[in-house]
Structure formats: structure tokens, C-alpha cells
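Take a look at the structure below.
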Number of protein chains: 2
Amino acid sequence: MSAHVRPTSPPAPVAEPRWLDAEEQKAWRAWLYSAQLLMDRLDRELTHATGISHAYYEILVALSEAPERRMRMSELADRCLSSRSRLSHAVSRLQERGWVRREVCAEDGRGQLAVLTDAGFAALEAAAPVHVEGVRTHLFDQLTPEQVQNMRDVGETLLRHLGPR
Amino acid sequence: MSAHVRPTSPPAPVAEPRWLDAEEQKAWRAWLYSAQLLMDRLDRELTHATGISHAYYEILVALSEAPERRMRMSELADRCLSSRSRLSHAVSRLQERGWVRREVCAEDGRGQLAVLTDAGFAALEAAAPVHVEGVRTHLFDQLTPEQVQNMRDVGETLLRHLGPR
DNA sequence: GTAGCGTAGTTGAAAGCAGAACTATTCCGC
DNA sequence: GCGGAATAGTTCTGCTTTCAACTACGCTAC
């Protein structure tokens with residue numbers, strides 16, 4: 001955000017922008033607003049009820065599902081769509097809470113393993129019902145089975161394009 | 001995030017959580033991941049190409065569409081799904097760039113108007129093609145017309161539930 | 001008119017985050 | 001085995017966001 005760069009301001013525009021028509025605008029806005037509002041709502045409710053933000057919750061879930069409840073930092077970052085830096089900070093904070101601990105990786109001296117502690121697992125168990133109830137109330141309860149199917153279809157289609165980052 | 005509160009830990013659970021089955025899990029994950037990846041991607045590309053984050057872009061768009069390119073702070077915050085505080089900070093930073101200025105509101109001495117400057121409008125004009133191209137490439141180009149319709153339908157349905165914040 | 005309450009918006013402190021720079025280890029070719 | 005590139009992770013810096021005060025004005029009733 002520090003660079004107010006205008007990119008190679010071309011004397012002639014490279015190509016006419018493919019503007020959105022009114023219908024596309026509506027579709028885009030509906031998607032954007034609903035996505036923002038839903039994520040916001042779920043995060044807020046979870047945080048207020050349990051003290052665990054959705055980002056932290058995702059980390060705990062990933063670890064709880066991993067073999068021996070441990071995972072390499074990079075793998076965990078990918079799984080949580082998080083940057084290395086962000087994950088490193090987040091794990092440090094979870095460590096302060098006693099929910100995660102770090103171990104050096106046996107096979108690779110550079111590597112670190114994030115390990116879910118029993119306390120961390122307990123915290124996750126307490127939070128899970130709150131989270132699932134939020135997803136039900138604000139998402140599944142609002143949609144017909146067909147809409148759910150469509151939502152999944154659109155999501156998976158987009159993932160095929162965006163997925164292999 | 002500072003309070004690790006467990007909420008009134010009930011001796012007996014209030015109700016059995018309505019867990020997600022495997023299909024629902026997949027639908028939820030597809031939605032969540034695709035939404036995060038898409039927003040992330042659009043924000044990143046826009047920021048790198050123009051120096052304007054998606055959050056700032058939304059503010060500029062809202063102002064550019066408002067009568068006389070000006071809008072009350074609260075109204076603008078609502079329009080951008082932003083907290084008052086966040087918007088106030090953001091407008092201050094846009095003001096430093098010379099893209100927005102504040103005016104006191106004539107009708108209500110408490111009120112402030114955010115006004116888009118000519119420089120701000122020019123910055124928006126430069127950024128808009130980049131933004132629209134991103135939305136096309138990563139969203140509309142990936143979906144069939146039917147999928148777009150479904151996406152809109154789901155979005156609007158969710159909005160009816162989440163909308164009146 | 002003025003006390004008390006509600007509303008509009010700002011501010012300050014602390015937490016969170018991205019990106020770049022940095023450290024430490026491994027891998028590879030010779 | 002050794003120099004250099006690649007990889008794993010952390011740390012540093014600066015920006016952004018949140019939350020909780022706080023200021024200032026308006027509204028209503030007495």
C-alpha cells in the first residue's frame with residue numbers, strides 16, 4: 001500500500017475493459033456482500049462466544065485432523081490459506097495459550113512441527129458446537145438442498161481455477 | 001481475542017450439535033476456500049497493479065456513484081460493510097493521498113461528508129479496468145451463465161438473512 | 001434554557017497482518 | 001566434502017483493523 005504506483009500508464013489503453021453489465025454487477029455484488037457478511041458474522045460470533053477467532057479455529061481443526069495431531073508449519077499454512085509469516089505469528093500466540101507447541105522436525109532440521117496439545121484439543125471441542133451452529137444458522141438453514149448443491153458446484157469450479165496457487 | 005472465555009460451560013449440553021455430514025462439509029469447504037482465495041487474489045492483484053487495496057477501491061466507488069460525489073461517513077461505512085472506526089481511519093489515509101476530503105455537513109453539525117476529489121476520481125478511473133479484468137478472469141470467465149445465475153441466487157438468499165445488520 | 005440522553009464521528013492503544021529481510025539447514029554438482 | 005542455490009521458518013517494519021474511550025452536537029422534556 002505504500003507505493004502509489006500507476007502501472008506503466010499506457011498512452012493508448014491496451015484493450016477496452018470488459019465492463020460488467022447490470023446483471024453481472026448484481027451477481028458480483030450479491031456474491032461479494034454475502035461472502036463478506038457471512039464470514040464476518042461467523043467470525044464475530046465464534047470469537048465472542050469462545051475467544052477463538054475463525055483463523056485460530058481453522059488452525060486447531062487442521063491440527064486435530066492431522067496424524068498424531070501434528071503438522072509441518074508450511075503444510076499447515078497452505079491448509080489454512082495463510083502466509084508463512086501469519087501462521088508463524090498465529091502459532092506463537094496459540095503457544096502462549098498453551099494450545100499448541102512447537103517441535104523440531106526429525107527428518108528435516110530446518111522444519112518445525114506444530115503440535116496440538118490436550119488443552120488445545122479441549123478448547124477446540126468446546127468451540128466446535130458454536131461454530132457448526134453458526135454455519136447451520138447462517139448458511140445451510142437459509143438454503144434449499146438445490147441451492148446448497150449449486151453453491152458447492154460454483155465453489156468447486158472456482159477452486160479448480162484458483163486452487164493451485 | 002484477549003478473553004479466553006468459555007461461555008457458561010453447561011454441565012449438560014444445551015442441545016446436541018447439528019454436525020455437518022460429509023457432503024455438507026464439502027459444500028462448506030468449497031464455498032469458504034473459494035471465497036477466501038478469490039477475495040485474496042483480487043485484492044492482491046489490484047493492490048500490486050494500482051496501489052489501491054480492494055477496501056479503498058470500494059470507498060472510491062461508493063463516493064463516485066453518490067450524488068455530487070459526496071456521502072455521509074456513516075452511510076459510506078454501511079455501504080462498504082465497514083465499521084465507523086475503520087472507515088474514519090481509511091478516509092484519513094485517502095485524504096493524505098489527496099483523493100478524498102472532508103466537509104462538515106450543513107444539515108447536521110455532527111456530521112461529516114466525505115468528498116471524492118478530482119485526483120481521487122482519476123485514481124479510480126485508472127484502477128477500474130484492472131479491477132474489472134480481475135473479476136472477469138477469476139470469476140465470470142470460469143462460470144457458465146447458469147452458474148452465474150445460481151451464484152447470484154445463493155448470494156441474494158443469504159443477503160436477505162444477513163443483510164439488515 | 002438546560003439537563004440528560006442519544007447519535008455522529010474521531011482517536012489511541014493494542015492486536016493482526018503482509019512483505020521483505022534474515023537465519024539456519026539441506027540439496028546438488030563437482 | 002565444499003561452495004552455492006534452494007527451502008523452512010522467523011523476525012522486523014509499517015500498515016490496517018478492532019475495541020473502547022472520548023468529543024461534539026442534536027433532541028426532548030421539563
Side-chain angles (χ1 to χ4, degrees), chain A residues 1-5 36 39-41 43-48 51-59 70-97 100-115 165, chain B residues 1-5 36-37 39-49 51-59 70-97 100-115:
Chain A
M1 285 304 324
S2 42
H4 307 186
V5 224
Q36 288 186 183
M39 289 200 202
D40 228 64
R41 183 87 165 240
D43 183 42
R44 210 171 293 274
E45 289 183 359
L46 185 63
T47 301
H48 279 144
I52 303 177
S53 70
H54 192 263
Y56 287 10
Y57 183 81
E58 287 277 282
I59 293 172
R70 68 195 57 214
M71 204 181 275
R72 288 289 291 270
M73 293 296 281
S74 308
E75 199 188 343
L76 188 53
D78 290 346
R79 177 48 158 84
C80 297
L81 304 182
S82 174
S83 70
R84 309 292 160 95
S85 165
R86 168 144 85 122
L87 183 79
S88 187
H89 286 298
V91 165
S92 297
R93 291 184 298 254
L94 290 172
Q95 201 164 16
E96 282 167 21
R97 293 193 187 181
V100 169
R101 92 182 106 79
R102 279 180 231 247
E103 283 181 11
V104 288
C105 178
E107 304 91 60
D108 188 338
R110 297 165 298 184
Q112 292 275 109
L113 291 164
V115 186
R165 56 211 159 292
Chain B
M1 283 303 322
S2 43
H4 308 186
V5 224
Q36 289 186 180
L37 284 172
M39 289 202 205
D40 231 62
R41 183 90 165 240
L42 291 175
D43 184 41
R44 209 173 297 273
E45 289 182 356
L46 185 64
T47 302
H48 279 142
I52 302 176
S53 70
H54 193 262
Y56 286 11
Y57 183 82
E58 287 277 280
I59 293 172
R70 66 196 59 214
M71 204 181 275
R72 286 289 292 267
M73 293 297 283
S74 309
E75 199 188 342
L76 186 54
D78 290 347
R79 182 32 165 91
C80 299
L81 306 181
S82 173
S83 71
R84 309 290 159 97
S85 167
R86 168 144 88 123
L87 183 79
S88 187
H89 285 297
V91 165
S92 298
R93 291 182 300 251
L94 290 173
Q95 201 164 17
E96 284 167 19
R97 294 194 187 181
V100 169
R101 93 184 105 78
R102 280 179 229 249
E103 283 181 11
V104 290
C105 179
E107 302 91 63
D108 187 339
R110 297 166 298 183
Q112 293 275 109
L113 291 164
V115 186

Regarding [X], tell me which of base, sugar-phosphate or nothing describes its non-hydrogen contacts under 4.0 Å with the strands shown.
X: B:Arg93; value: base
X: A:Ser83; value: sugar-phosphate
X: A:Arg84; value: base

In short, side-chain hydrogen bond (donor to acceptor under 3.5 Å, both in side chains) pairs touching residues 80-90 of chain B with sequence neighbours left out are B:Ser74-B:Arg84
The correct set of residues in residues 102-111 of chain A placing a heavy atom under 4.0 Å from DNA chain C is A:Asp108, A:Gly109, A:Arg110
- Message: By nearest heavy atom, map A:Arg44 and A:Ser92 onto DNA chain D; which one lands nearer the 5' end?
- Response: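 Comparing both residues, the 5'-ward one is A:Ser92.
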Exercise for review: May I ask you to verify whether the side chain of A:His89 and the base of D:dC12 hold a donor-acceptor pair under 3.5 Å?
Suggested key: yes
* Asked: Any donor-acceptor pair under 3.5 Å between the side chain of B:Ser85 and the base of D:dC19?
  ->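 Under the 3.5 Å cut-off, the side chain and the base do form a donor-acceptor pair.
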Separation of atom [atom1] in [X] from atom [atom2] in [N], rounded to whole Å:
X: B:Arg72; N: C:dA8; atom1: CZ; atom2: C1'; result: 7 Å
X: B:Asp43; N: D:dT16; atom1: CG; atom2: P; result: 11 Å
X: A:Leu76; N: D:dA8; atom1: CG; atom2: C1'; result: 14 Å
X: B:Gln95; N: C:dT11; atom1: CD; atom2: P; result: 10 Å
X: A:Asp40; N: D:dT16; atom1: CG; atom2: P; result: 18 Å
X: A:Leu81; N: C:dA18; atom1: CG; atom2: P; result: 11 Å
X: A:Glu58; N: C:dC17; atom1: CD; atom2: P; result: 13 Å
X: B:His48; N: C:dA20; atom1: NE2; atom2: P; result: 6 Å

Do any N or O atoms from the side chain of A:Asp43 and from the backbone of A:His54 form a donor-acceptor pair under 3.5 angstrom?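 Yes, the answer is positive, given that a donor and an acceptor are paired below the 3.5 Å cut-off.
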Would you mind telling me which residue lines up with the more 5' stretch of DNA chain C, B:Leu113 or A:Ala55, judged by nearest nucleotide?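 Result: B:Leu113.
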**Item:** Residue whose closest nucleotide on DNA chain C lies nearer the 5' end, A:Ala90 versus B:Glu75
**Value:**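 Of the two residues, B:Glu75 wins.
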inquiry  = Just by distance, no angles: are the side chains of B:Tyr56 and B:Arg97 close enough, under 3.5 Å, to form a donor-acceptor pair?
reply    = no
I'd like to check [X] versus [Y] (side-chain heavy atoms, cut-off strictly below 4.5 Å). Are they in contact?
X: B:Ile59; Y: B:Leu94; answer: yes
X: A:Val115; Y: A:Val100; answer: no
X: A:Cys105; Y: A:Gln112; answer: no
X: A:Met73; Y: A:Leu87; answer: yes

Notebook entry, point to check: When you look at B:Arg79 and B:Glu75, which way does the salt bridge (charged side-chain N to carboxylate O under 4.0 Å, His left out) test go after all the steps?
Noted result: CA-CA 6 Å; B:Arg79 182 32 165 91; B:Glu75 199 188 342; over 6 Å; no
Annotated structure of DNA chain D as dot-bracket, pair cut-off 3.5 Å, Watson-Crick or G-U only, | for inter-strand, is ||||||||||||||||||||||||||||||
Nearest to the side chain of B:Arg86, heavy atoms from C-beta on, is which of C:dC17, D:dT17, C:dT10?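 When the side chain of B:Arg86 is considered, D:dT17 is the closest of C:dC17, D:dT17, C:dT10.
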Closest of D:dA20, D:dT10, D:dT17 to the A:Gln112 side chain is D:dT10
